[in-house]
Trainee: 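Here it is, the structure, as structure tokens.
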Amino acid sequence: MGIVRHMSQFEPARLTVRLGAIGANYRECIRRAGAAAVAGVVKADGYGLGVAQVAKTLAGQGCDTFFVARLAEGITLRTILPRARIFVLDGAPQAAIPALIAHNLTPVLNSLAEIEAWSKAGAGLDAAIHIDTGMNRLGLPPDELAILAAEARGRLKNIQLKLLMSHLACADDSSSPMNALQLSRFKAALAALPPASASLASSGGVLLGPDYMFDMVRPGLGLYGGNPRNEKPNPFAVVAVLSARILQLRRVDKGETVGYGATFQAQRPSTLATVALGYADGLMRAIGNRGKGVIKGVVAPIAGRLSMDLVTLDVTDIPGVTVGDEVEFLGDTISLDELAAAANTAPYEILTSLSQRIPRHYEDAA
């Protein structure tokens, strides 16, 4: 065995973000949402793709309402979009109230305690209320909802109620009975509370049909090119393309092993390509011996475990491979769903795990 070639100087890896595709995916949500408004979910740094570029792209498409998870995310987004309406899903813990008010952020209140604290913070402050219809995560549970319904006039007298919302647990599966159950519970909650705009659907809910649209939908994953339901095909355009360069090629004899733990053993004389991408970049370690890369349109299986900075591919059956060739790990050939399945995780985790070490390149064209 021996080294065949060594790399020259070039950018070893990149994440290409197609802003035009984000715009196209937003328009697809508008098409499916009918009369409902379409907000943009840009939490976790725009699902790992860059909140500044993503939010400006969505605003350019006419989006004026955004959702983030953390207070700090809301503050950052306010500097990017001074006039947008920004909802903060974490709610209004007492310590966060001054900053929420100072930055004109709208909390999504998740409990009676938060409703009380926000009401005491000042008269006429905007808020949303999250109703838990089955996730058992954030939001008012049934006992608190019953109290609020009975005492709404008093408890909400200082609050400008802008939105009543809930979140579907199984929107990725259109056949799940949880969808109809949560829809029924949400409608019952709306009937018991003062009138306000309503929102139930995120990306998966947008694909469930008009019964789930209400007044606003909140797509997240779909905007970034993910398929938010198990059915095929994916109606959303590819946004993220993760690629890296081959650093080195080597030939190994039959019986040689590859990588930490020697978990891959060559069954024939083989050619291996070592590529400049590893779990420190966000490529999941779990795809060792399971995942793949694509070189010149041809699939190459991952050989052995991923390292922090490197991954090795078996390129024996791909002619003409050279040092510096680009390898796609996510994009037009390998979908988010495929990469997530190889890592035994969700597409959301794939996107939000991408390290800032990978240079982002933004393309405007769809």
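This one's a predicted model, so the numbers in the text were calculated from it and none came from an experiment. Just so it is clear, the values below take in all heavy atoms, side chains as well, and ignore hydrogens, waters and symmetry mates. By convention here, the first residue in the shown sequence is residue 1.
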Trainee: I'd like to know whether E326 forms a side chain to side chain contact (heavy atoms under 4.5 Å, CB included) with R245, so could you lay out the CA-CA distance, the side-chain angles of the two residues, the decisive distance to 0.1 Å, and finally the verdict.
Mentor: CA-CA 5 Å; E326 188 170 338; R245 302 283 185 179; 3.9 Å; yes
Trainee: According to a hydrophobic-cluster definition based on side-chain heavy atoms being under 4.5 Å apart (Ile, Leu, Val, Met, Phe, Trp, Tyr only), do L81 and V38 belong together?
Mentor: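 Linked within one cluster.
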Trainee: Using every non-hydrogen atom in the two residues, find where F214 and A36 come nearest and quote the distance to one decimal.
Mentor: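 Minimum heavy-atom separation between F214 and A36: O-CB, 3.5 Å.
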Trainee: Could you tell me whether the side chain of I80 reaches within less than 4.5 Å of the side chain of K56, counting heavy atoms only?
Mentor: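 Yes, side chains in contact.
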Trainee: Whether the side chain of S270 engages the backbone of A266 through a donor-acceptor N/O pair (distance < 3.5 Å, no angle test) should be reported.
Mentor: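 Such a contact is absent between S270 side chain and A266 backbone.
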Trainee: For the atom pair OG1 (T106) and CG (L89), what is the distance rounded to the nearest 0.5 Å?
Mentor: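 Rounded to the nearest 0.5 Å, the OG1-CG separation comes to 11.5 Å.
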Trainee: Are V299 and M284 connected into the same hydrophobic cluster when the rule is that any two of I, L, V, M, F, W, Y join if their side-chain heavy atoms are below 4.5 Å apart?
Mentor: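 In one cluster with M284: V299, yes.
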Trainee: Give every donor-acceptor pair under 3.5 Å between a side-chain atom in residues 311-321 and any protein atom, sequence neighbours left out.
Mentor:
unit_1	atom_1	unit_2	atom_2	d
D314	OD1	T316	N	3.0
D314	OD1	T316	OG1	2.5
T316	OG1	T271	N	3.0
D317	OD1	R268	NH1	3.2
D317	OD1	R268	NH2	3.4
D317	OD2	R268	NH2	3.0

Trainee: Looking at every non-hydrogen atom in both residues, tell me the closest pair between G293 and V327 and how far apart they are.
Mentor: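 Shortest heavy-atom separation between G293 and V327 comes out as CA-CG1, 3.8 Å.
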Trainee: Strictly below 4.0 Å, N to O, side chains only: are D173 and R229 in salt-bridge contact?
Mentor: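 A salt bridge is absent here (no side-chain N lies under 4.0 Å from a carboxylate O).
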Trainee: Would you indicate whether the side-chain heavy atoms of S174 and L208 approach each other to under 4.5 Å?
Mentor: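 With C-beta onward as the side chain, the pair touches.
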Trainee: CD1 of I287 to OG1 of T345: how many Å apart, nearest 0.5 Å?
Mentor: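 These two atoms lie 11.5 Å from each other.
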Trainee: How far does OG of S199 sit from NE2 of H167, to the nearest 0.5 angstrom?
Mentor: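 One gets 10.0 Å once the value is rounded to the nearest 0.5 Å.
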Trainee: If you round to the nearest 0.5 Å, how far is CG of L310 from CZ of R305?
Mentor: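 It is 15.5 Å, given to the nearest 0.5 Å.
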Trainee: Are any of the side-chain heavy atoms of T65 and F67 separated by less than 4.5 Å?
Mentor: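 The answer is yes, as the side chains (C-beta and beyond) meet within the 4.5 Å cut-off.
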Trainee: Verify salt bridge (Lys or Arg N to Asp or Glu O under 4.0 Å) between R85 and D64, making sure each step is shown before the conclusion.
Mentor: CA-CA 6 Å; R85 180 166 61 167; D64 60 5; 5.6 Å; no
Trainee: Any chance the side chains of E328 and S243 put a donor and an acceptor closer than 3.5 Å?
Mentor: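 Side chains of E328 and S243: no pair found under 3.5 Å.
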Trainee: In this structure, which one of I129, L156, L148 forms a side chain to side chain contact (heavy atoms under 4.5 Å, CB included) with P194?
Mentor: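 Option passing the side chain to side chain contact (heavy atoms under 4.5 Å, CB included) with P194: L156.
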Trainee: Under the side chain to side chain contact (heavy atoms under 4.5 Å, CB included) rule, what do F329 and V275 come out as? Steps first, then yes or no, please.
Mentor: CA-CA 11 Å; F329 291 91; V275 182; 3.9 Å; yes
Trainee: Can D281 and R14 be counted as an ion pair, charged N to O under 4.0 angstrom?
Mentor: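 Looking at D281 and R14, the cut-off is not met.
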Trainee: Could D309 and R357 be called an ion pair, given the rule that one side-chain N must be under 4.0 Å from one carboxylate O?
Mentor: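 Yes, D309 and R357 are salt-bridged.
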Trainee: Are Y26 and I22 side-chain neighbours, meaning at least one heavy-atom pair lies under 4.5 Å?
Mentor: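 Counting from C-beta outward, Y26 and I22 never come under 4.5 Å.
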Trainee: Closest heavy-atom contact between L277 and A244?
Mentor: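 Of all heavy-atom pairs spanning L277 and A244, the closest is CB-CB, 3.9 Å.
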Trainee: What I'd like to find out is whether the side chain of L49 reaches to under 4.5 Å of the side chain of V239, using heavy atoms alone.
Mentor: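 Yes, side chains in contact.
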Trainee: How about P269 and R251: do any of their side-chain heavy atoms sit closer than 4.5 Å?
Mentor: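 No; the side chains remain at least 4.5 Å from each other.
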Trainee: Does the ring center of Y224 lie less than 6.0 Å from the ring center of F236?
Mentor: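 No: the rings miss the under 6.0 Å criterion.
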Trainee: Hey, any chance I75 and I97 share a hydrophobic cluster, counting ILVMFWY side chains that come within less than 4.5 Å of each other, even indirectly?
Mentor: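 In one cluster with I75: I97, yes.
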Trainee: Main chain of A72, side chain of T76: is a donor-acceptor contact present, judged purely on distance under 3.5 Å?
Mentor: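 Judged by distance alone, yes, a pair lies under 3.5 Å.
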Trainee: Check for me, please, whether Y47 and V241 land in the same ILVMFWY cluster - side-chain distances under 4.5 Å, paths through other members count.
Mentor: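 No: no chain of side-chain contacts under 4.5 Å links Y47 to V241.
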Trainee: Would you check if S203 and L223 make a side-chain contact, meaning some heavy-atom pair closer than 4.5 Å?
Mentor: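 No. Closest side-chain heavy atoms not under 4.5 Å.
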Trainee: Distance-only, no hydrogens or angles: does the D132 side chain make a donor-acceptor pair with backbone N or O of L140 under 3.5 Å?
Mentor: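 Checking the backbone N and O of L140 against the side chain of D132, no donor-acceptor pair under 3.5 Å is found.
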Trainee: So, N110 side chain and V108 main chain: donor-acceptor pair closer than 3.5 Å or not?
Mentor: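 Present.
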Trainee: Between atom CG of L330 and atom CG of L242, what is the distance when rounded to the nearest 0.5 Å?
Mentor: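 L330 CG to L242 CG: 6.0 Å, rounded to 0.5 Å.
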Trainee: Taking R185 for the side chain and T133 for the main chain, is one N or O donor matched with an acceptor at less than 3.5 Å?
Mentor: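 At least one qualifying donor-acceptor pair exists.
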Trainee: Has the side chain of S184 got a donor or acceptor atom that lies under 3.5 Å from a matching backbone atom of A180?
Mentor: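 No, S184 side chain to A180 backbone: no donor-acceptor pair under 3.5 Å.
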Trainee: Is it the case that more than 12 heavy atoms not belonging to D143 sit under 6.0 Å from its CG atom?
Mentor: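 Yes, because the 6.0 Å sphere around CG of D143 holds more than 12 heavy atoms from other groups.
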Trainee: Following the transitive rule for hydrophobic clusters with a side-chain heavy-atom cut-off under 4.5 Å over Ile, Leu, Val, Met, Phe, Trp and Tyr, establish whether Y348 and V42 coincide in one cluster.
Mentor: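 Same cluster.
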Trainee: I'd like to know if the side chain of R360 and the backbone of L15 have a donor-acceptor N/O pair within less than 3.5 Å.
Mentor: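 Not at all, since once roles are kept as given, no pair shorter than 3.5 Å links the two residues.
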Trainee: Do D325 and T322 have side-chain N/O donor and acceptor atoms under 3.5 Å apart?
Mentor: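 Checked: D325/T322 side chains pair up, N/O donor to acceptor below 3.5 Å.
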Trainee: Please evaluate residues L112 and E116 with respect to the criterion side chain to side chain contact (heavy atoms under 4.5 Å, CB included), reporting the C-alpha separation (whole Å), side-chain torsions for both, the decisive distance (0.1 Å), and the verdict.
Mentor: CA-CA 6 Å; L112 289 179; E116 181 180 2; over 6 Å; no
Trainee: Provide the closest heavy-atom pair for G226 versus L336 in the form atom of the first, atom of the second, distance.
Mentor: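 That closest heavy-atom pairing would be CA-CD1, 3.7 Å.
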Trainee: L272 and A303: which non-hydrogen atoms are nearest, and at how many Å?
Mentor: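 Heavy atoms only, the tightest pair is CD2-CB, 4.5 Å.
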Trainee: For the residue pair H361 and E11, confirm or rule out a side-chain donor-acceptor distance under 3.5 Å.
Mentor: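 Yes, side-chain donor-acceptor contact under 3.5 Å.
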Trainee: Is a donor on one side and an acceptor on the other found under 3.5 Å between the side chain of R155 and the backbone of I147?
Mentor: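 Not confirmed, R155 side chain does not pair with I147 backbone.
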Trainee: Pick one: which of L161, L164, D215 meets side chain to side chain contact (heavy atoms under 4.5 Å, CB included) with S197?
Mentor: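 Running side chain to side chain contact (heavy atoms under 4.5 Å, CB included) over L161, L164, D215 with S197 returns exactly one hit, D215.
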Trainee: Got a donor-acceptor contact below 3.5 angstrom from the W118 side chain to the G91 backbone?
Mentor: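 Not a single qualifying donor-acceptor pair exists.
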Trainee: Could you check L58 against Q61 for side chain to side chain contact (heavy atoms under 4.5 Å, CB included), going step by step and ending with a plain yes or no?
Mentor: CA-CA 5 Å; L58 293 173; Q61 296 293 320; 5.5 Å; no
Trainee: Using modelled atom types only, decide if a donor and an acceptor are shared between the side chain of S111 and the backbone of E114 within a distance under 3.5 Å.
Mentor: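 Yes, S111 side chain to E114 backbone: donor-acceptor pair under 3.5 Å.
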Trainee: So which heavy atom on P235 is nearest to which on E28, and how close?
Mentor: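 Reported closest heavy-atom pair: O-CG, 4.2 Å.
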Trainee: Should L125 and N158 count as side-chain neighbours, where that means a heavy-atom distance under 4.5 Å?
Mentor: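 No, their side chains stay 4.5 Å or more apart.
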Trainee: Would you give the length of the straight line joining atom CD of E73 to atom CG of L105, rounded to the nearest 0.5 angstrom?
Mentor: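 That separation rounds to 11.0 Å.
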